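Below you'll find the structure, written out as structure tokens, and then a few comments.
Please read all numbers here as calculations on a predicted model, not as lab measurements.
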Amino acid sequence: MSAKTTASAPSPVPGPGLGPAPAEAVTPLIRGITVLRQLTEAGGTMSPSGIERATGLARSTVDRITATLARMGYVRLDGRDAVLTPRVMELGNAYLGALRLPALLSARADHLADELDESVSLAVADGDGIRFIHQATRRRAMSLSFRIGDLLPAERTAPGQLFATEWTPQVWQGWRTRRAEDPRNRAFPTVPPPPPGSAGGDEDFEARTARAAVENCAVDDQLIEPGLVAVSVPVRDPRTARITCVASVVSHTSRHTSADLRETLLPRLRLAVAAMEEDLRGAPRPEPGPPPAGLAAWTGASKLELGREFIESLARGLTVLSAFDEGRAELTLTEVAKATGLARATARRALITYEHLGLVAPTPHRGTFALTPRVLSLGFPPLSRTSLPRIAAPRLTGLADEIQETTSLAVLTERRDEIQYTARATAHHVMSVDIAVGTRLPARSTSTGRLLLAAPAPHGSPPSSPSYTLAEEEPEQGVRTIAVPVHDREGRVIAALGAATHVARRTAEECVHDILPALLSTAAHIETDLHTAARFTHVPLT
């Protein structure tokens, strides 16, 4: 059910701590992975000079790497900064799709969170750490900041105690070495240093692990930081009885003590885990979808167009990760080469590089490889809590620059009688439409509102919505607006993308002829970003 993980200790940056790279490793690919990880740890945005300082790479190398990543759509160059884009999440999506656990178990986790009114998470092992693969978080003033893909040290978590019950002597030794070299957890930027006086010594963790093995559950009593408590139960693979992931209920001491978690929430968590294991037992084998097509040809064409600024070996290496997905969890070298269109020698060198970096591991089935949870370190965490307005904002700016008119994104309010503007970009005119983000207007008085009202309700199934709407003298005299729909992964209309102009500047016919094509193209780009981001995460509309 799950991809095999490596037993090496986590390393936030490729290179140090991993030993010398094999002779056949692809150096530009190692450097590109380093840049993606640094951008991830920086929250998704970093200046080239900051990347240069953090990685030790030459500025010219950094510029070529970011230009290549921008060409692939994984970053955008915003002024002086490189910014991760939703498309980079396709790398983590490949791992999560191959793993299958989020698709099979997330509904159970979400239902449990609703029932208990507490946060629920699913985590997998990554060496001597853990990574989250699903989060159902309660919205409160005191809420959790952990994201899908975040790496935590095993000894500071309840899931870590459970995973440690299956550690080999080699993993235990790697953990002791890491503890001796990094007792303050500096290699784990998502967690604060251990609280003073907290239970976190080596002997304490080994004792907690032994107890977890006996009780088949574990408790985190403020190991991460004061106030945070959690109870965890392993979800076991029905075929092997080994732990495939761990489900946790997370709360705060103002709501539950650790003892209270055991008494009141643990029984319900065990029932949910039993249902999850039944879901795993009954899940049919997935049918592999079509692999990405034309990647090798695309990288070759990009090299011809951009020349030296495009690092073809980096781009081709990254396409290897996208060969894996649901139904393609374990692939041979030949299958990777066929899926990507790369030569066997090129695919082989990329796999050698990824195995060195801990992103790919050989499986027990001879000659096959699988992605590891460490793939989630490539841009996924800072984007896993993005929203539709954040996804749309740079697209709106580009659209406003192209058509020289104010652009906006709007959604219907819950009562469906008003629209709310959630993002906008203003064109540079002496006289322009100025509607602030957050503004609400009657839905029937705007082109965006009428378009959204014509679409089916979120859970309904009715007629298709119009491809665009045009409104005259609305929301006030002198304004002409045109809007197109934005669809979610299921094809439902969830928002409207609009442009507004003065009636003296463009006729209705000119709006349809000049603005509508750009609106439709921008909406398609927003949908592509949204569909990638929302495959395994919840993307709020506001």
Does the side-chain contact (heavy atoms from CB on, under 4.5 Å) test come out yes or no for L57 and I65, once each step is laid out?
CA-CA 10 Å; L57 297 172; I65 290 172; 4.0 Å; yes
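- Taking CG of L383 as the reference point, atom OG1 of T85 lies at 7.5 Å (rounded to 0.5 Å).
- Under a 3.5 Å cut-off, the side chain of T340 and the backbone N or O of T319 do not form any donor-acceptor pair.
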Kindly determine whether R374 and Y95 satisfy side-chain contact (heavy atoms from CB on, under 4.5 Å), including the steps that lead there.
CA-CA 9 Å; R374 207 160 301 184; Y95 164 72; over 6 Å; no
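- Side chain of D81 to backbone of D78: no donor-acceptor contact under 3.5 angstrom is found.
- Separation of atoms CG (L96) and OG (S384) is listed at 10.0 Å; rounding is to 0.5 Å.
- With rounding to the nearest 0.5 angstrom, the CZ atom of R506 is 5.5 Å from the CG atom of D514.
- Residues T61 and R31 have side chains in contact (heavy-atom distance under 4.5 Å, counting atoms from C-beta outward).
- Of the charged side-chain nitrogens involved, at least one lies within less than 4.0 Å of a carboxylate oxygen, so that E472 and R480 count as a salt-bridged pair.
- Contact annotation: the side chain of L321 approaches that of L371 to within less than 4.5 Å [non-hydrogen atoms, C-beta and beyond].
- In this structure, A443 and L453 approach most closely via the heavy-atom pair CB-CD1, 3.7 Å.
- The two residues I419 and A410 make their nearest non-hydrogen contact at CD1-CB, 4.2 Å.
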Passes side-chain contact (heavy atoms from CB on, under 4.5 Å), I224 versus F146? Steps please.
CA-CA 11 Å; I224 294 291; F146 295 131; 3.7 Å; yes
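- Checking side-chain atoms of T299 against main-chain N and O of A296 turns up a donor-acceptor pair under 3.5 Å.
- Within a 6.0 Å sphere centred on CZ of F536, heavy atoms belonging to other residues, nucleotides or ligands number more than 12.
- Remark: the backbone N or O of E490 is paired with a side-chain donor or acceptor of D488 at under 3.5 angstrom.
- Atom CG of D110 is separated from atom CD of Q135 by 10.5 Å, given to the nearest 0.5 angstrom.
- At distances below 3.5 Å, at least one donor-acceptor pair connects side-chain atoms of H531 with backbone N or O atoms of H487.
- The backbone N or O of T406 sits nowhere less than 3.5 Å from a side-chain atom of R424 that would complete a donor-acceptor pair.
- In this structure, OG1 on T532 lies 10.5 Å from CG on L91, to the nearest 0.5 angstrom.
- To the nearest 0.5 Å, atoms OH (Y354) and CG (L318) are separated by 4.5 Å.
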From CA spacing to verdict: side-chain contact (heavy atoms from CB on, under 4.5 Å), T40, F380:
CA-CA 7 Å; T40 301; F380 208 92; over 6 Å; no
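- Two residues are said to be in side-chain contact when any heavy atoms from C-beta on lie closer than 4.5 Å; M276 and L122 meet this criterion.
- In this structure the side chain of T448 never reaches within 4.5 angstrom of the side chain of T481, judged on heavy atoms.
- At least one side-chain heavy atom of Y74 sits less than 4.5 Å from a side-chain heavy atom of E90.
- T422 has its side chain out of reach of L388: every pair of non-hydrogen atoms, C-beta onward, lies at least 4.5 Å apart.
- A distance-only check finds a donor-acceptor pair linking the side chain of T66 to the backbone of D63 [under 3.5 Å].
- Under a 3.5 Å cut-off, the side chain of S119 and the backbone N or O of V250 do not form any donor-acceptor pair.
- Between A82 and I51, the shortest heavy-atom contact is CB-CD1, 4.5 Å.
- Shortest non-hydrogen contact noted between A350 and V26 is N-CG2, 4.4 Å.
- Counting non-hydrogen atoms of neighbouring residues, nucleotides and ligands closer than 6.0 angstrom, the CD atom of E414 reaches no more than 12 such neighbours.
- Side-chain contact between L304 and F310 is absent, with no heavy atoms from C-beta onward closer than 4.5 Å.
- Taking every heavy atom of both residues into account, V486 and A523 meet most closely at CG2-CB, 4.4 Å.
- What you find for I391 and P86 is that their closest heavy atoms are CG1-CG, 4.0 Å.
- The shortest distance between side-chain heavy atoms of L280 and L101 falls below 4.5 Å.
- Residues satisfying the side-chain hydrogen bond (donor to acceptor under 3.5 Å, both in side chains) test with E312, not counting sequence neighbours, are R316.
- For the 3.5 Å distance criterion, the side chains of E418 and T413 fail to qualify, holding no donor opposite an acceptor.
- Looking only at distances, no side-chain donor or acceptor of R440 sits under 3.5 Å from a matching main-chain atom of Q420.
- At a cut-off of 3.5 Å, with distance as the only test, a side-chain donor of S302 or R71 sits close to an acceptor on the other residue.
- Between the side chain of R37 and the main chain of S377, no donor-acceptor pair closer than 3.5 Å is present.
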